[in-house]
Undergrad: 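Sharing a structure below in structure tokens format, with a few things to ask.
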2 protein chains.
Amino acid sequence: MRIGELAAQAGMTRDTIRFYEKVGLVTGRRLPNGYRDFPPETVAWLQYVRTAQALGFSLAEIARNGEALREAPDTAEALSLLFEEKLQVIDSRIAELTTLRADLALRVGTGCPLRPTGGVLPGRTP
Amino acid sequence: MRIGELAAQAGMTRDTIRFYEKVGLVTGRRLPNGYRDFPPETVAWLQYVRTAQALGFSLAEIARNGEALREAPDTAEALSLLFEEKLQVIDSRIAELTTLRADLALRVGTGCPLRPTGGVLPGRTP
DNA sequence: CTAAACAGTGGACTACGCTCCAAGGTCAAG
DNA sequence: CTTGACCTTGGAGCGTAGTCCACTGTTTAG
């Protein structure tokens with residue numbers, strides 16, 4: 001699969017994919033003419049990248065655990081593990097937001113809603 | 001209140017506050033010697049800025065609705081409204097994450113967890 | 001009076017994640 | 001054989017959110 005099709009399938013631009021290659025997020029074979037050639041799984045990988053990004057992971061982090069994946073004895077199992085980790089990240093994110101929500105809800109309707117209630121900004125974990 | 005104390009109280013550096021002033025997030029009176037002088041409420045405002053940031057709002061957005069606040073007839077009420085809006089943002093964020101969570105949970109333990117299940121990446125709303 | 005602790009300015013620099021561009025190579029259709 | 005779609009590279013530029021620095025001015029304590 002050449003870059004244009006991959007870009008179309010993954011919903012991003014060719015430039016973005018080239019950039020991802022530069023930072024080690026995707027790895028390309030080359031055709032004899034120098035064109036990049038990607039295996040079809042790359043589409044799924046890029047979708048995963050988007051998911052991980054939505055969870056607040058940086059490209060560097062994603063690339064790092066992509067590395068780990070490639071070196072794992074059982075890829076499927078390793079991925080499952082990774083996903084379980086992300087589940088925890090999601091859960092603590094939700095917890096954070098829930099705290100924030102409660103905090104905000106308290107202030108709605110108060111005379112001076114700006115007064116601190118404590119516990120704001122727990123710090124970015126990822 | 002001079003910049004150093006404000007910085008200490010709000011938990012950020014003087015440079016950050018000067019930067020925030022530059023982008024219009026805080027507005028400073030000046031003492032006769034040229035030093036910035038902030039009213040005590042600025043501490044609360046900066047805490048609010050941090051909260052809004054944690055919700056994914058950009059400084060520009062925060063500055064914009066800070067503007068709106070200053071022009072509101074009833075500041076407290078306006079803030080309450082703002083907070084209610086943010087509550088909705090939090091709620092849809094949580095919903096997003098919940099969807100993502102379910103999606104991910106599905107893939108954990110599957111033979112090929114990378115296969116798309118649909119509905120990944122709903123797009124950043126803020 | 002001097003030293004330390006504060007304040008001010010402008011400008012350079014960083015990291016991240018792209019995005020765009022120019023100049024050129026490759027390939028299939030007509 | 002040309003046209004157009006596609007590909008290559010390198011490098012520049014951008015927006016966001018700071019961070020750091022040098023140099024200078026002000027205030028306060030000993």
Side-chain angles (χ1 to χ4, degrees), chain A residues 1-39 42-43 45-67 120-121 123-126, chain B residues 1-39 42-43 45-67 120-121 123-126:
Chain A
M1 188 188 263
R2 286 174 307 171
I3 198 169
E5 200 193 334
L6 178 59
Q9 301 251 324
M12 48 187 76
T13 67
R14 294 191 286 302
D15 269 342
T16 299
I17 291 170
R18 283 191 271 256
F19 172 74
Y20 281 1
E21 193 188 47
K22 196 157 59 188
V23 299
L25 258 179
V26 294
T27 322
R29 262 179 29 82
R30 294 300 180 118
L31 297 172
N33 59 9
Y35 287 12
R36 286 170 184 85
D37 183 32
F38 299 99
T42 313
V43 177
W45 169 248
L46 289 178
Q47 278 162 359
Y48 165 77
V49 169
R50 286 297 190 221
T51 306
Q53 259 186 317
L55 287 179
F57 291 89
S58 71
L59 295 186
E61 283 169 315
I62 300 169
R64 243 179 284 131
N65 57 42
E67 268 298 294
V120 185
L121 192 72
R124 310 200 145 257
T125 326
Chain B
M1 187 188 266
R2 285 175 308 170
I3 198 169
E5 200 192 335
L6 178 59
Q9 302 251 326
M12 48 186 77
T13 68
R14 296 194 282 306
D15 270 341
T16 299
I17 290 170
R18 284 191 270 256
F19 172 73
Y20 281 1
E21 194 189 46
K22 196 156 61 187
V23 300
L25 257 179
V26 294
T27 321
R29 261 181 27 84
R30 293 298 180 120
L31 297 171
N33 60 7
Y35 287 12
R36 286 169 185 85
D37 183 33
F38 300 98
T42 314
V43 177
W45 169 247
L46 288 178
Q47 278 163 359
Y48 165 77
V49 169
R50 284 298 190 221
T51 306
Q53 258 187 315
L55 287 179
F57 290 90
S58 71
L59 297 185
E61 283 168 314
I62 300 168
R64 243 178 285 131
N65 59 43
E67 267 299 294
V120 185
L121 193 72
R124 307 199 148 261
T125 326

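To find a chain, count down the sequence lines: A is the first, B the second, and so on, and within it residues start at 1.
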Undergrad: For Pro32(A) and for Asn33(B), locate the closest nucleotide of DNA chain C by heavy-atom distance; then report the residue assigned to the nucleotide nearer the 5' terminus.
TA: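 Taking each residue's closest nucleotide, the earlier one in sequence belongs to Asn33(B).
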
Undergrad: Once you round it to whole Å, what is the distance between C1' of dC27(C) and CG of Leu31(A)?
TA: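 It is 12 Å, rounded to the nearest whole Å.
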
Undergrad: Using only side-chain N and O atoms of Ser58(A), determine if any of them is under 4.0 Å from OP1 or OP2 of dA15(C).
TA: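 So the side chain of Ser58(A) is outside the cut-off, no N or O lying under 4.0 Å from OP1 or OP2 of dA15(C).
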
Undergrad: In whole Å, what is the span from the CD atom of Glu5(B) to the P atom of dT27(D)?
TA: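 In whole Å, dT27(D) P lies 17 Å from Glu5(B) CD.
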
Undergrad: Any side-chain N or O of Arg36(B) below 4.0 angstrom from OP1/OP2 of dG8(C)?
TA: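 Yes, because at least one side-chain N or O of Arg36(B) sits under 4.0 Å from OP1 or OP2 of dG8(C).
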
Undergrad: Decide yes or no, distance alone: a donor-acceptor N/O pair under 3.5 angstrom between the base of dG25(D) and the side-chain of Tyr35(B).
TA: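 Indeed, a donor on one side and an acceptor on the other fall under 3.5 Å apart.
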
Undergrad: Checking contacts here: which listed nucleotide (dT19(D), dT19(C), dT8(D)) is nearest the side-chain heavy atoms of Phe19(B)?
TA: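 When the side chain of Phe19(B) is considered, dT19(D) is the closest of dT19(D), dT19(C), dT8(D).
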
Undergrad: Can you check whether Phe57(B) reaches Val49(B) side chain to side chain, under 4.5 Å on heavy atoms?
TA: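 No; the side chains remain at least 4.5 Å from each other.
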
Undergrad: From CZ of Phe38(B) over to C1' of dG8(C), roughly how many Å is that when rounded to an integer?
TA: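 Value for this atom pair: 12 Å.
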
Undergrad: Less than 4.0 angstrom between a side-chain N/O of Arg50(B) and OP1 or OP2 of dA17(D), yes or no?
TA: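 Indeed not, no polar side-chain atom of Arg50(B) lies that close.
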
Undergrad: Compare side-chain N and O positions of Tyr20(B) against OP1 and OP2 of dG18(D) and report whether any pair is under 4.0 Å apart.
TA: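 True: Tyr20(B) side-chain N/O within range (under 4.0 Å) of dG18(D) OP1/OP2.
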
Undergrad: If I take atom CD1 in residue Ile17(B) and atom C1' in nucleotide dT19(D), what distance separates them, rounded to the nearest angstrom?
TA: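 Interatomic distance, CD1 of Ile17(B) to C1' of dT19(D): 14 Å.
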
Undergrad: Could you tell me whether a side-chain N or O of Glu61(B) sits under 3.5 Å from a main-chain N or O of Ser58(B), the two making a donor and an acceptor?
TA: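 Yes, because the side chain of Glu61(B) sits within donor-acceptor range (under 3.5 Å) of the backbone of Ser58(B).
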
Undergrad: Of the nucleotides dT9(C), dT9(D), dA17(D), which one has an atom closest to the side chain of Leu59(B)?
TA: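 Per side-chain heavy atoms of Leu59(B), the pick is dA17(D).
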
Undergrad: Is Gln9(B) close to Thr42(B) at the side-chain level, that is, under 4.5 Å between some pair of heavy atoms?
TA: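 They are not in side-chain contact.
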
Undergrad: Does any part of the side chain of Ile3(A), heavy atoms only, come nearer than 4.5 Å to the side chain of Tyr35(A), both counted from C-beta?
TA: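 No; the side chains remain at least 4.5 Å from each other.
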
Undergrad: Establish, with yes or no, whether the OP1 or OP2 oxygen of dC6(C) is under 4.0 angstrom from a side-chain nitrogen or oxygen of Arg14(B).
TA: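 Negative; the distance criterion is not met.
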
Undergrad: Does Arg2(A) put a side-chain nitrogen or oxygen below 4.0 Å from OP1 or OP2 of dC6(D)?
TA: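 Answer is no, no contact under 4.0 Å.
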
Undergrad: Can you check the Glu21(A) CD to dT8(D) C1' distance for me, whole Å?
TA: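 Checked: the CD to C1' distance equals 11 Å.
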
Undergrad: May I have the distance from Lys22(B) (atom NZ) to dG15(D) (atom P), rounded to whole angstrom?
TA: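 Going from NZ in Lys22(B) over to P in dG15(D) covers 15 Å.
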
Undergrad: Select from Thr13(A) and Ile3(B) the residue whose nearest nucleotide in DNA chain C is closer to the 5' end of that strand.
TA: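 Residue closer to the 5' terminus by nearest nucleotide: Ile3(B).
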
Undergrad: What integer distance in Å separates Arg18(B):CZ from dC20(D):P?
TA: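 Going from Arg18(B) (CZ) to dC20(D) (P), I get 13 Å.
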
Undergrad: When the distance from CG of Leu6(A) to C1' of dC6(D) is rounded to whole Å, what number comes out?
TA: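 Distance check: Leu6(A) CG to dC6(D) C1' gives 15 Å.
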
Undergrad: Just so I know, are the side chains of Glu21(B) and Ile17(B) near enough to count as touching, which here means a heavy-atom distance under 4.5 Å?
TA: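 Counting from C-beta outward, Glu21(B) and Ile17(B) never come under 4.5 Å.
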
